Number of protein chains: 2
Amino acid sequence: MFPEPRLPQPETRDRILDEAERLFVEYGFEGTSMRMITGAANANLAAVNYHFGSKDALIQAVFRRRLTALNETRLAALDQLEAEAGGGLIKPSRIVEAFFGTALELAADMAHGGNTFMRLLSRTYNEPNAFVRQFLAEEYAEVMDRFLGALFRALPGVPRHEIMWRFHYMLGAMSFAIAGIESVYAMAGMSREAEDPSRLLPRLMSFLLGGLRAPLPDFGASGHD
Amino acid sequence: MFPEPRLPQPETRDRILDEAERLFVEYGFEGTSMRMITGAANANLAAVNYHFGSKDALIQAVFRRRLTALNETRLAALDQLEAEAGGGLIKPSRIVEAFFGTALELAADMAHGGNTFMRLLSRTYNEPNAFVRQFLAEEYAEVMDRFLGALFRALPGVPRHEIMWRFHYMLGAMSFAIAGIESVYAMAGMSREAEDPSRLLPRLMSFLLGGLRAPLPDFGASGHD
DNA sequence: GTATGATTCAAACAAACGTTTGAATAGAGA
DNA sequence: TCTCTATTCAAACGTTTGTTTGAATCATAC
């Protein structure tokens, strides 16, 4: 395929990844052209195809660079929870915290691009592009499997359907929390003051746990599941 | 600008709107070309520019066709709530229901494209395209102002910051609820069985209210706002 | 120095994009 | 029948897209 560099590669590859990440957040995948990326990275237009092969491969590389580590951290946190419980019940709030806490920690990192990446990741859950959707589903498969399974075991009386939906809702709330509040609110009341990132986690977490603990919905008469 | 038709226009214009709406959901704005739209609508390539002026104007028309009515319904529901209360306190759950209930009713309409439109609208909250963002913010300005104001009055002890954030989280949960659950879950456990749309509302609502009523977060020492 | 392989570069590629044009068609009013 | 206006149509417009090419440049190994 590509010859592997014998020395710790020049920084071109990383500059491209950084700028692509930043531009993808601002303009989306299709709204960001190769020329915008290579221009911002002070690289030649052909550099992306040389280092990554194609634009799609670059998108994958942007995600893999940080998503793999994030999901490994999540799995490690869950491993520890289960080890501490030693077969006993785990508090659902701990599981939720293991999943969303790690993500929000990364989102709070303004210095090394963690915040930029999490904004990108949050917007991408609902990405229409079929290629990106499938790639993300594969990257998430194991983590989803493990965390949903843990929640099922931690909430033995609750229908799995309901747990999955509520986890899905929590993902949506987190996605919007990270994307920020300026999107639709043209209100004067909402100042543009920089939010303290350390407040993001406790604020979101209390909402998530409130939703998770809410009484199950009453569907009326019927009752399958 | 454009000469107004003297007769109840031929259906071309509406066919274009329908197909554009459907394709925008599936492929996004930039991923949907004029040729895809006019091809699906059995219209000539120039028809979009003739009837709407430009692709951007078509996007606006797709939203305006249904969003205006939705937001008017929301405002009417809030009007009625406030009239019934007659200056007294309104239960926050009623306000939340007035906002999200109307949206989920439209999302439950599978026959006349309401579901398609709500899926599109949900994905568009986080749209990177600057033009679409600003258009949506303007369309939402009044509704946000009214509903947030109502919530402020209904929750006099709660900091406005927190209310806005929780409303934002609720928007995220609704967005994901409407987008569906198949996005990231490659799990075998989640069957593809058609969900009963009537269950969507009570399921989401109990989650939203649980989150809204959750105890306020504890930020530790400091305490501005 | 000379050879070797990795990287950069300017230039060009075909394909797809949104938009415009001017003629053809249709239908209603006089 | 003739006229006028709304709509449709095929064709082309100029840009921009992602990708490819082949030579130039650079750094290391011998």
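Note that the structure is predicted; figures quoted are calculated from it, not measured. Lettering of chains follows the sequences in order, A, B, ..., and the numbering in each one begins at 1.
- For the residue pair Arg119(A)/Asn115(A), the side-chain donor-acceptor check at 3.5 Å is satisfied.
- Around atom CZ of Arg94(B), no more than 12 heavy atoms belonging to other residues, nucleotides or ligands sit under 6.0 Å away.
- The ring pair (Phe, Tyr, Trp, His ring centres under 6.0 Å) test with Phe100(A) is passed by exactly one of Phe167(A), Phe207(A), Phe147(A): Phe167(A).
- In this pair, Tyr125(B) and Tyr140(B) present their aromatic rings tilted. The plane angle is within the 30 to 60° band.
- Spacing between atom CD of Glu11(B) and atom P of dT7(D) amounts to 13 Å, rounded to whole angstrom units.
- Taking only side-chain nitrogens and oxygens, Thr12(B) never comes nearer than 4.0 Å to OP1 or OP2 of dT7(D).
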Worksheet item: With the sugar-phosphate defined as primed atoms, P, OP1 and OP2, and the base as all remaining atoms, what B/S/- string results for nucleotides 10-21 of chain D, 5' to 3', for protein heavy atoms under 4.0 Å?
Response: B-B----BBBBB
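- Residues satisfying the salt bridge (charged side-chain N to carboxylate O under 4.0 Å, His left out) test with Arg74(A), not counting sequence neighbours, are none.
- Atom P of nucleotide dA6(D) and atom CZ of Arg13(B) are separated by 15 Å, given to the nearest angstrom.
- For the OP1/OP2 pair of dT8(D) and a distance below 4.0 Å, the side-chain nitrogens and oxygens of His51(B) include at least one atom meeting the criterion.
- A donor atom on one side chain and an acceptor atom on the other are not found under 3.5 Å apart for Thr116(B) and Arg66(B).
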